[in-house]
Each structure stands twice: as structure tokens, then as C-alpha cells.
Amino acid sequence: MTEAAAIPVAELNEDQAKAELARLASEIQDHNAAYYQNDDPAISDAEYDALCQRNSAIEGRFPNLKRPDSPSERIGAPSTDGADGFSKVRHSRPMLSLGNAFNEEDVVDFLAGIRRFLKLDDDAVVEIVAEPKIDGLSAALRYENGVFVQGATRGDGEVGEDITANLRTIDDIPKRFLGPAPDVFEVRGEVFMNHGAFAELNRKQDAAERPAYANPRNAAAGSLRQLDPAITASRQLSFRAYAWGEVSALPSHAQAGVLAAMKAWGFEVQEHQICRNTAEMLAYHSATEAGRSARPYDIDGIVYKVDRLDWQDRLGAASRSPRWAIAHKFAAEQAQTLVEGIDIQVGRTGKLTPVARLKPVTVGGVVVANATLHNQDYIAEKNIRVGAKVLVQRAGDVIPQVLEVVEPGPEAFVFPSTCPICGATAVRDEGEVDWRCGGGLTCEAQAVERLRHFVSRNAFDIEGLGEKQIKAFYDAHVVKTPVDIFILQAQDGKEGRKPLQEWEGWGETSVENLFEAIKEKRRIPLDRLIFALGIRHVGQGNAKLLARRYETLANFDAAMKPDNLEELLDIDGIGEKVAKALLAFFDDGHNKDVWDALTGMLDQVQDMARADTTSELAGKTLVFTGTLERTSRAEAKARAEALGAKVSGSVSAKTDLVIAGAAAGSKLKKAQALDVKVIDEAGWLVLINGEAVGGEIVSKEEETL
Ligand code: IVH
């Protein structure tokens with residue numbers, strides 16, 4: 001899944017696209033909930049937009065894969081179900097969201113799209129109302145005969161929450177229209193908090209030992225969702241009108257005209273300007289952006305709207321947003337602060353990431369206390385030092401960036417050569433920018449990821465031991481390294497440990513099956529064993545090359561010596577990167593200890609020599625069924641695989657041979673029906689023992705448990 005996430009949309013295959021759409025649907029839904037329900041976004045708007053854009057792009061390429069719960073069909077998260085005290089309000093006209101423009105080209109495209117849609121000439125003037133986009137929350141205010149009767153949040157765009165009582169406390173929201181009013185008029189606009197009010201609120205929060213709000217938007221959201229309107233009233237919220245919902249009559253044929261009418265009715269209307277072409281739009285955008293920090297509230301872009309309402313009607317909306325409006329975002333905001341320290345974080349794959357600990361500073365309304373420094377070169381290039389004054393930016397990412405050094409610090413930063421978590425030596429491969437912890441098998445930061453890999457399908461493939469179980473075992477301190485898997489049974493219930501069968505989700509049978517599955521894997525082909533170690537650059541292919549070259553565990557083990565680089569490089573297909581990674585792995589004491597203990601616990605490591613080429617079973621697909629009396633199923637399977645055969649669990653037309661033991665049932669019947677060759681156990685033994693050359697199962701003589 002994580003792999004597909006890195007693939008450009010144009011290169012995804014159908015399976016990857018499907019996986020990606022599933023991932024994006026769930027991720028976006030989580031972010032929606034964090035944003036709309038908990039007022040606590042986990043990522044920046046730009047990151048959120050990027051997720052939505054990727055989702056739409058994939059759907060564009062694979063329309064048939066579009067999910068029923070596609071995020072492109074939904075706006076925001078559904079409001080919480082009244083359990084928290086607000087009843088629901090169905091919007092008579094959906095409250096839409098806006099598409100985004102990030103640069104001049106997007107703005108040009110927006111206008112061109114409108115002209116195309118309306119079949120206008122290239123030189124036809126499309127008047128655009130441009131207005132600052134306030135970073136708050138939208139609200140719908142229903143007026144009947146000019147009297148405020150109901151106010152709601154946007155919710156999921158279809159159904160919001162009734163927050164009438166709270167909205168009544170906002171001074172900017174008139175209780176009744178000035179002058180004559182239509183029967184029904186729903187004013188829509190933004191509720192937000194000024195910087196001054198925000199600072200004041202956080203001071204009070206602090207004094208009352210309540211958590212501070214991260215930014216004015218969250219503060220506004222939190223204040224609106226108070227069950228006690230008195231609390232909302234104590235928070236200074238503002239409102240600007242910029243749109244409308246259900247109306248019995250419109251006071252104008254133009255966006256600007258309706259804004260003027262709302263103003264006359266007593267509303268604070270968002271400031272705006274009419275633009276007649278892209279140049280004017282872009283000029284308004286830059287001028288507003290330049291004055292951004294002087295404004296008493298957060299704005300994050302300019303909204304452009306087609307002025308003529310008949311054109312707005314014709315243009316209509318695509319699923320999520322109107323075609324007649326777009327939000328042109330501003331670039332990220334910046335601020336200066338001090339680097340108080342540089343920490344090293346260790347990722348799940350062992351990557352060491354330097355992170356600047358910053359003197360907290362507000363950037364674009366958010367308090368920033370750390371920033372990623374990416375890697376050693378980034379630090380060196382920018383000369384980032386502890387004590388330096390730096391310019392930080394909150395760009396598209398949640399994690400702020402250090403843009404440049406404003407005043408240098410005293411001492412250059414020395415990148416550590418060991419892992420701060422496990423103390424193992426860190427390595428930086430030639431041509432790579434990242435340092436990586438070399439304590440692969442023992443480093444806590446990487447342990448779960450490594451263990452998952454160890455038991456994965458192409459590695460040890462232990463049935464009943466998947467990601468979930470590994471994580472649970474790790475968290476319970478039962479499995480820390482691969483060695484622990486093989487002593488799971490021996491240690492079960494010992495040293496104050498709760499027996500596994502008493503754990504939630506486990507029972508007598510499943511535990512027995514697990515222990516059996518683990519036992520079975522004490523015989524393992526050498527290439528799988530090598531692959532299972534999860535050494536960087538040593539994937540299945542390279543593991544096979546190594547296993548073929550060294551044939552036995554003993555040979556391989558003997559070859560993993562620091563001075564053996566030349567020999568490794570002699571192997572066809574093994575390059576310097578791989579060889580170095582391999583030797584670095586075995587050069588690390590932690591890894592070596594686990595490796596020695598692990599290999600000591602395996603019964604048999606299967607020789608890779610000559611397998612799969614000379615034997616008559618090479619390339620054949622076999623199925624074992626029924627009970628084998630003279631050999632275990634595991635051994636038979638291992639033998640078959642050593643001879644280059646593939647062992648499958650089910651019979652199909654592609655099956656070459658079925659080995660039927662005692663009491664074989666449906667698989668035997670199916671084989672007969674499909675005319676697949678069937679032999680019994682005796683026949684199997686003749687077949688494999690009569691095999692002169694071929695991968696034998698080599699016992700490890702010297703090593704005992
Ligand atoms: S127009 C159908 N105008 O931005 C179009 N929205 O990303 C409705 N917003 O949900 C929105 N300032 O919360 C519009 N001047 C403005 C705005 C504005 C802020 C917010 C609003 C909307 C969101 C869309």
C-alpha cells in the first residue's frame with residue numbers, strides 16, 4: 001500500500017489504483033473527521049488538497065474503480081449524530097466546497113474552462129468578483145420574513161448541525177433584516193476569530209489550565225460548538241457574508257449586487273473587487289497577499305466568482321464544488337526563530353531524520369516548535385546550526401521547513417554516526433543522502449517493521465502470524481526479535497507471562513496451530529532466510545543469487561566477513577551497494593547476535609544448490625493432499641521446492657501432479673476430474689529418492705540449539 005502511494009497516478013496499474021483509492025478514501029475520511037468534527041486537523045490544507053487531487057486524478061484514469069464512498073462525492077465529515085447535543089439540519093441547497101488554484105496557470109484554466117462551458121468567445125469579458133478567502137468555518141443563516149430563525153454548520157454539505165443559539169451571540173449576525181425582506185433568505189458566510197480575540201482566548205485558556213487552541217480557525221470552531229451559548233458569547237466571533245442558500249427572491253442578477261443587498265440588510269459583507277481579466281485577478285491576489293499579515297484575521301487565498309448569476313446557474317456544480325468559483329491559494333507563510341537543538345528521529349525503516357527543535361513561533365496562525373531538516377546534506381548546505389536564527393515556512397506540508405539561516409549559529413552540527421535509539425552504527429550508502437541505523441534486527445524504532453517483514457509471505461511466511469499479531473506480540477514485549485518467535489512456545493506462560501491462549505482473540509486451537517506453523521518454518525530455504533533479514537537492497541532476487549552462490553548456510557555464514565567484499569562482488573548480479581549493505585549488516589554486533597541465535601534455532605536450512613534447473617520437477621506445480629505417513633507435509637513441501645517445484649494448496653487445470661496420501665478427499669476427486677496426474681506417497685518417495693542430483697535437505701551438522 002505504501003508502495004502504491006509513491007507511484008505517480010499516470011503509472012499506476014489497476015490493482016494499485018484500487019488499493020490507492022481505498023487508502024485515500026479512508027485517509028481523507030479520517031482527516032475530515034479530525035477537521036470537521038474534532039476541530040483538530042492533523043495535516044495542512046495543502047496536504048489535504050493534495051490527497052483529494054490524487055484521488056480525483058486516479059478516478060479520472062480509472063472511472064470504473066470509483067468507490068461508492070469516494071471522497072470526491074462528499075464534502076467534509078457527517079456531523080456527529082446529535083449525541084453531543086446539536087440536532088441536525090438538512091440544507092435545502094447543499095453547501096459546496098471550492099476547487100483550488102495554486103498558480104497563474106490554474107487561474108487561466110479556470111477562466112478558459114468557463115468560456116468553453118458557456119461557449120463564449122475568447123475575448124468575451126467574464127466579470128469576476130474576487131474576495132479574500134477567510135480561514136474560518138462556513139455557516140448558513142435562515143431568515144424568514146427578515147427574521148433570523150435558524151443557523152447551521154456546513155456539516156457534510158448536506159446535513160449540518162443546528163447551532164442557532166450560538167450564532168445568535170455573534171454581533172455581526174443581525175437578528176432581523178433592515179428594511180423590507182424576501183419571505184425566505186438564507187445568508188451564507190464565514191464565522192471566524194480575529195487575532196486579538198484569539199490571543200485573549202488562549203490567555204484565558206492558559207489561566208484556567210485548559211489546552212490552548214492551535215489556531216484561530218480551531219478556536220472559532222471550538223467556540224461555535226459549545227453546548228452553552230454563554231460560552232460562545234464570551235468568545236469574540238465575527239461573521240462575513242459572501243453567499244446564499246435557499247431564497248424566495250434574489251435582489252440582483254449579479255453576485256456583487258446580492259452582496260450589496262446583504263450589506264444593506266445589515267450584514268458585514270466580505271470585501272471584494274470586480275476583475276475583468278486574469279491580469280486584474282492576479283494583481284488583486286498579489287496585493288491582498290502582500291497585505292496579508294497586516295490583516296487582523298487569517299485569510300488563505302482569494303475566491304474568484306463569476307459575477308453574472310445566470311452564468312452561475314448555467315455553470316452549475318461538479319460533484320464537490322461549483323464551476324463558477326475557485327479558491328486561489330496563497331503561498332505558505334514564513335517566520336523567523338531560533339534553532340534550540342537538533343534531534344535525530346529514527347523512522348520505521350531505520351532512516352535517521354534530523355529535526356530542528358525551534359523556539360516556538362507562530363507561522364500562519366499555527367505555533368511551530370520543530371521543523372524537518374531532511375538529511376545531513378540539507379543541514380550542511382544551509383549551514384543550519386544549533387543557536388542559528390532561521391526562516392521557517394509552513395508550506396504544503398504539515399511539517400514546517402527551515403528555508404534559510406538568517407544569523408549563523410556557533411558550531412557546525414556533527415551528524416551522529418550511531419543510532420540514537422539502539423546505539424548501532426549508522427551507515428550512509430554512497431550516492432544516498434540518508435543515514436540509516438544498522439541495527440536492523442534489534443533497533444526498537446524499526447522492530448515492528450522488521451518483524452512484519454520477517455514473517456511476510458515471501459520470507460518466513462508463518463501462518464497465523466501476520467502484521468496484527470506481530471504488533472500485539474511486540475507491544476506485549478513477547479516478541480522483540482525474530483529469535484523470540486522461535487521460543488514463543490517454550491516461553492509461553494513462563495516468567496509471569498499470560499499464556500497465549502488466554503489472550504484476547506486466541507484460543508487453544510489457534511495457539512496450537514501457530515506453534516505448529518512456527519515449528520514447520522524451522523526448515524527454511526536459504527534464500528528465504530536471507531531475504532527475511534530485511535537487509536537494505538537485499539530483496540528476493542538478490543537473496544536468491546546469494547543462496548545459489550553459497551549453497552549452504554555454513555558457506556554463507558562464513559562469507560559474511562568484513563574483508564570479503566571482493567568475493568561478493570564476483571557474484572553475477574551483486575553490485576557494490578548490495579555487497580556493502582550485506583557486510584555492514586553482519587558487521588553489526590547486534591545483528592550478528594540475533595543471526596547466530598536464529599540460525600542456531602532452525603532445524604534445517606535448505607540448500608539452494610542446483611535446485612530448480614535439473615530436476616524433472618523443476619517448474620512443475622504440485623499439490624499434496626491427504627495424510628502422508630512416512631514424511632511430514634512440511635518436509636515433502638520443502639523437498640518439492642528444493643527440486644524447483646511450486647507447491648500449491650488447491651488443484652486446478654494448471655496443476656501438474658497431485659500426491660495423494662491416505663484418506664485424500666475432494667482434491668483427489670478434482671484432480672481425477674481434471675485429468676491431473678496423481679501418485680501416492682510411495683510413488684512420491686521413489687520420485688524424489690530416485691532423483692540423482694537435486695537440492696537435498698542439508699542438516700546443519702555443527703549447529704545445535
Ligand atoms: S464561497 C459555493 N467565498 O472556503 C461556494 N467561500 O473552500 C461557497 N470561504 O466552505 C463558498 N471565504 O468556508 C466562499 N469569500 C469566500 C470565502 C469562502 C472563506 C470558505 C468557506 C467554504 C470554503 C471552501
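Each ligand, and each atom within it, is numbered from 1 in the order the structure gives.
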Once you measure the plane-to-plane angle for Y143 and F267, does it fall in the parallel (<30°), tilted (30-60°) or perpendicular (>60°) bin?
perpendicular
Counting only nitrogen or oxygen atoms and a 3.5 angstrom limit, does [X] reach ligand 1?
X	answer
Q270	no
I134	yes
K305	yes

Protein contact to [atom] [nearest heavy atom, distance to 0.1 Å]:
atom	answer
atom 14 (C) of ligand 1	Y242 CE1, 3.3 Å
atom 20 (C) of ligand 1	E190 OE1, 3.4 Å
atom 8 (C) of ligand 1	L96 O, 4.2 Å

Given the side-chain rings of F110 and H328, with only the six-membered ring counted for Trp, is the space between their centroids under 6.0 Å?
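Not close enough - the centres of the two rings lie 6.0 Å or further apart.
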Determine, for K305 against E131, whether the closest basic-nitrogen to carboxylate-oxygen distance falls under 4.0 angstrom.
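Yes, K305 and E131 are salt-bridged.
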Among pairs that include at least one residue of residues 251-270, which meet side chain to side chain donor-acceptor pair (under 3.5 Å), considering only residues two or more places apart or in two chains?
Q255-Q312
Are the side chain of N277 and the backbone of V125 linked by a donor-acceptor contact shorter than 3.5 Å?
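Not a single qualifying donor-acceptor pair exists.
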Cation-pi between K88 and F86: NZ/CZ under 6.0 Å from ring centre and within 45° of the ring axis?
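No, a cation-pi geometry is absent between K88 and F86.
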Looking only at heavy atoms, is any part of [X] under 4.0 Å from ligand 1, and if so is it the side chain, the backbone, or both, or is it neither?
X	answer
K133	both
L98	both
P322	side chain

Check for me whether R154 has a heavy atom closer than 4.0 Å to any atom of ligand 1.
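Within the 4.0 Å threshold, so yes.
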Whether P132 lies under 4.0 Å from ligand 1, heavy atom:
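Heavy atoms of P132 do come under 4.0 Å of ligand 1.
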Close-contact set for ligand 1 against E131 heavy atoms, below 4.0 Å:
3 (N), 15 (N), 16 (C)
To check you understand the geometry: which heavy-atom pair defines the closest contact between L167 and I173, and what is its length?
O-CD1, 3.7 Å
Results of side chain to side chain contact (heavy atoms under 4.5 Å, CB included) for K359 - residues two or more places apart only
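Only T337, L338, E340 meet the side chain to side chain contact (heavy atoms under 4.5 Å, CB included) criterion with K359.
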